[in-house]
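Please read these numbers as outputs of a predicted model, since none were measured by experiment. Whatever order the structure lists ligands and atoms in, that order sets their numbers, starting from 1.
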Amino acid sequence: MELVHSGKVRELYADGDDLIMVASDRVSVYDVVLPTPIPGKGRILTQLSLWWFGQLSGVIPNHVISGTDVPSQWEGRAIRCRRLRMLPVECIARGYLAGLGLASYRETGAISGVRLPPGLGEGSRLPEPVFTPTTKAAAGHDEPMSYGEVEALVGGSVAAELRRATLEVYRRGVELAARRGIIIADTKLEFGLAGDGTVMLADEVLTPDSSRFWPASEWTPGRPQPSLDKQFLRDWSAGLDWDRRPPGPAIPDDVVAATQARYQELYARLTGREGAADRPRGRG
Ligand code: Q0Z
């Protein structure tokens with residue numbers, strides 16, 4: 001199959017008119033891919049994404065053709081998808097302050113043009129979720145966009161659908177995760193257009209690679225929040241003499257095992273299923 005895109009932790013192949021999205025077991029910390037894989041991570045994130053696409057199919061149609069009709073060497077960690085005309089906007093919804101949203105609030109008191117009350121800090125919950133789109137830069141970092149800029153780029157009706165679907169996907173995700181003790185602080189979604197102009201949800205959805213997941217039991221606004229999936233990796237790497245530039249350090253076995261367990265726990269808690277790792281679930 002022809003490789004059409006290679007990302008930090010995933011690959012995209014063309015299969016006739018379809019695409020096959022393959023999640024690897026690679027993991028990144030501070031944007032650097034580490035040389036040691038986390039066994040089962042690609043399978044868990046793929047199964048989690050498929051589960052969310054199913055949960056959210058009433059909110060917006062999606063690009064999934066099949067989670068099982070994929071080449072056997074990638075079984076469980078690949079998705080056959082419709083090839084869409086991708087929209088050049090990273091659609092982000094934020095319900096809590098972290099990352100670039102926090103940086104923007106500290107500089108201007110607002111995010112994406114939405115004024116926020118004073119006194120919020122790192123990890124604070126926002127009065128209501130905010131749509132904070134960014135450009136999709138081919139290289140370098142994405143830049144914030146105003147809603148008007150999204151309208152100018154994709155047209156008013158598509159922009160309105162992106163904002164509606166992004167906030168609705170986020171709200172449903174937050175509500176479901178909250179019942180399982182998980183905070184979804186923010187999420188990044190990608191959308192594309194089908195041949196007939198229908199806006200569809202593409203890429204991955206509400207995975208820890210596209211969202212910030214925090215354990216609700218440890219939420220303490222005013223400081224950085226522990227990440228449900230990667231905190232073991234971050235804590236371990238903070239104790240190393242590593243400048244956070246490539247190449248990253250090899251991960252010791254106990255940290256691999258702890259990280260693996262966190263991914264499995266996240267999947268089991270959200271979906272109510274047992275671990276998706278290393279367990280082919282058969283055909284169909
Ligand atoms: C997704 C990406 C990945 C690297 C393009 N259904 C679709 N139609 C057209 N294009 C895409 C999709 Cl999902 C598409 N990406 C992001 C995914 C590896 C980059 F697995 N790029």
Side-chain angles (χ1 to χ4, degrees), residues 1-28 31-34 37-38 40-57 59-93 133-143 145 150 153-155 158 161-162 165-166 169 173 186-211 229 246 263 276:
M1 270 177 209
E2 184 204 348
L3 179 65
V4 290
H5 278 297
S6 190
K8 275 199 303 241
V9 300
R10 296 179 302 156
E11 271 85 39
L12 196 60
Y13 293 85
D15 183 18
D17 287 346
D18 303 343
L19 294 174
I20 309 281
M21 212 167 55
V22 185
S24 75
D25 289 344
R26 297 192 296 276
V27 66
S28 68
D31 267 347
V32 176
V33 176
L34 301 184
I38 303 296
K41 178 193 173 234
R43 174 183 293 273
I44 290 177
L45 267 58
T46 297
Q47 296 307 311
L48 182 59
S49 216
L50 283 169
W51 181 81
W52 279 122
F53 277 125
Q55 298 290 311
L56 297 163
S57 63
V59 175
I60 180 157
N62 62 66
H63 72 157
V64 174
I65 296 172
S66 173
T68 52
D69 180 14
V70 298
S72 59
Q73 72 268 29
W74 298 323
E75 193 185 320
R77 60 186 182 94
I79 300 178
R80 176 178 298 276
C81 349
R82 301 168 63 133
R83 190 193 288 260
L84 304 175
R85 199 147 54 81
M86 295 301 283
L87 294 164
V89 183
E90 303 267 17
C91 292
I92 298 167
T134 68
T135 58
K136 250 195 254 186
H141 47 263
D142 301 336
E143 298 289 340
M145 288 173 96
V150 179
L153 198 58
V154 302
V158 171
E161 176 63 356
L162 293 181
T166 299
V169 164
D186 52 37
T187 193
K188 181 186 80 183
L189 303 174
E190 297 203 27
F191 297 86
L193 298 180
D196 66 356
T198 306
V199 178
M200 291 190 166
L201 182 57
D203 211 56
E204 61 184 330
V205 57
L206 294 167
T207 72
D209 278 357
S210 65
S211 317
D229 58 320
Y263 281 110

Could you see which bit of [X] sits under 4.0 Å from ligand 1, with heavy atoms only: side chain, backbone, both or neither?
X	result
M86	side chain
R82	backbone
V22	neither

Steps toward side-chain contact (heavy atoms from CB on, under 4.5 Å) verdict (R10, V22) | CA-CA 6 Å; R10 296 179 302 156; V22 185; over 6 Å; no
Looking at [atom], what's its closest protein heavy atom, distance included?
atom	answer
atom 16 (C) of ligand 1	D203 OD1, 3.2 Å
atom 7 (C) of ligand 1	L19 CD1, 3.5 Å
atom 18 (C) of ligand 1	R10 O, 3.6 Å

Check [Y] with [X], please: is the shortest side-chain N to carboxylate O separation under 4.0 Å?
X	Y	result
R80	D18	yes
D31	K8	yes
D17	R82	no

Hey, do the aromatic rings of H5 and Y13 have their centres closer than 6.0 Å?
->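 H5 vs Y13: aromatic centres not under 6.0 Å.
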Between T135 and E143, is any side-chain donor less than 3.5 angstrom from a side-chain acceptor?
->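 Checked: T135/E143 side chains show no N/O donor-acceptor pair below 3.5 Å.
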Quick one: does E11 get an N or O within less than 3.5 Å of an N or O on ligand 1?
->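 There is no such contact.
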Using distance alone, determine whether L84 and ligand 1 share an N or O pair under 3.5 Å.
->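 Yes.
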